[in-house]
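Heads up: the structure comes next, in structure tokens.
Since the structure is predicted, the reported quantities are computational estimates derived from the model, not experimental observations. In listed order, ligands and their atoms are each counted from 1. Heavy-atom basis, side chains included; hydrogens, waters and symmetry copies ignored.
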Amino acid sequence: FVSLLPSDKVLNIAHRGASGHAPEHTLIAYDLAEKMNADYLEIDLHMTADHQLVAIHDEDVGRTTNGVGFVSDLTLAELKELDAGTWFNQAYPELANPDFIGVTIPTLAEIFELFGLDSDYYIELKDPDDEMIDAFLTVLNKYDLLEADKVIIQSFSQKALTNIHAQYDEIPLIQLLSKSKTKSANYKKIRQYAAGVGLPFQTLDKAFIEKIQGNGLHVHAFTVNETEDMERLIDWGIDGIFTNYPDRLADVLW
Ligand code: G3P
Ligand code: MG
């Protein structure tokens, strides 16, 4: 399955969509990422109280909507009443756009309805349990995305990734590691179920990237927004970069 990960180029992964330019995890941010030639749309998923999969980073809606509460305590209908764009205009007045006002939290199905097989998806399961994994795989299959090689699945949860690998060993899986885990992780063990790892870029240097790659793993770095950091990582042989500015990375890679 490592072969299913493109290895002829540095992957341009639009972190929460083009989230430096538009409210994260909205259809507008994903559309902008496509227009900026990102290779992948990074989508963070949570499951609602009524078992729907929605694109939002935090477990709580407070930072990116006008609502309150945990995604897992709210139904899709309740989430759909929330404004997931106006916060961006308030936080970044210089980037404010009336088109952002009133945009809603998208479901995974809505994203696939809009972008379908034209896009590639790098999907993170946040705090996944077996029920969420099953719901997720069901939606992927409904939109024929699995056999189309259009999806990379990522998670901090080793349990979730090994569960998925036991069912589908052809999907490229990325084990995400937090800063405190990057040095102690067992990369040989990770290679048994994953095609690569995603690490905070601040933990990386050339030797460490090469050490991990020596275990047959791709190395993807998050979240890189400054051109000089992008250039340094590319020089060190990074395989993919998560960025809020896919336009900036596309310019560096050109
Ligand atoms: O999924 C890669 C990166 O996004 C992990 O960090 O917190 O932005 O989801 P986070
Ligand atoms: Mg993520």
The atoms of ligand 1 lying under 4.0 Å from a heavy atom of H15, numbered in the order shown, are 3 (C), 4 (O), 8 (O)

What atoms of ligand 1 come closer than 4.0 angstrom to any heavy atom of Q154? 1 (O), 2 (C)

Evaluate the ring planes of Y92 and F88, with Trp represented by its six-membered ring, and classify them as parallel (under 30°), tilted (30 to 60°) or perpendicular (over 60°). tilted

Salt bridge (Lys or Arg N to Asp or Glu O under 4.0 Å) assessment of E228 paired with R232: CA-CA 6 Å; E228 57 271 18; R232 187 177 67 254; over 6 Å; no

Report yes or no: do F112 and I171 belong to one cluster of Ile/Leu/Val/Met/Phe/Trp/Tyr joined by side chain heavy-atom distances under 4.5 Å? yes

Would you say K126 has more than 12 foreign heavy atoms packed within less than 6.0 Å of its NZ? yes

Could you identify the single nearest non-hydrogen protein atom to atom 5 (C) of ligand 1 and state the distance to 0.1 Å? E124 OE1, 3.7 Å

Of the non-hydrogen atoms in F100 and H21, which two are nearest, and what is the gap between them? CZ-O, 3.6 Å

Would you indicate which of E24, R16, K126 comes nearest to atom 9 (O) of ligand 1 when only heavy atoms are counted? K126

From the N, O or S atoms in D44, identify the one nearest to the Mg ion (ligand 2). OD1

Please name the pair of heavy atoms, one in I133 and one in I164, separated by the smallest distance, quoted to 0.1 Å. CG2-CG1, 3.7 Å

With carbon and hydrogen excluded and only N/O/S kept, which atom of E124 is nearest the Mg ion (ligand 2)? OE1

Which atom name does E42 have for its N/O/S atom nearest to the Mg ion (ligand 2)? OE2

Numbered in order shown, the ligand 1 atoms found under 4.0 Å of a heavy atom of D44 are 9 (O)

Considering the heavy atoms of H57, write down every atom of ligand 1 situated less than 4.0 Å from one of them. 7 (O), 8 (O), 9 (O), 10 (P)

Any N/O of T223 closer than 3.5 Å to an N/O of ligand 1? no

Which residues pass the salt bridge (charged side-chain N to carboxylate O under 4.0 Å, His left out) test with K80, not counting sequence neighbours? E110

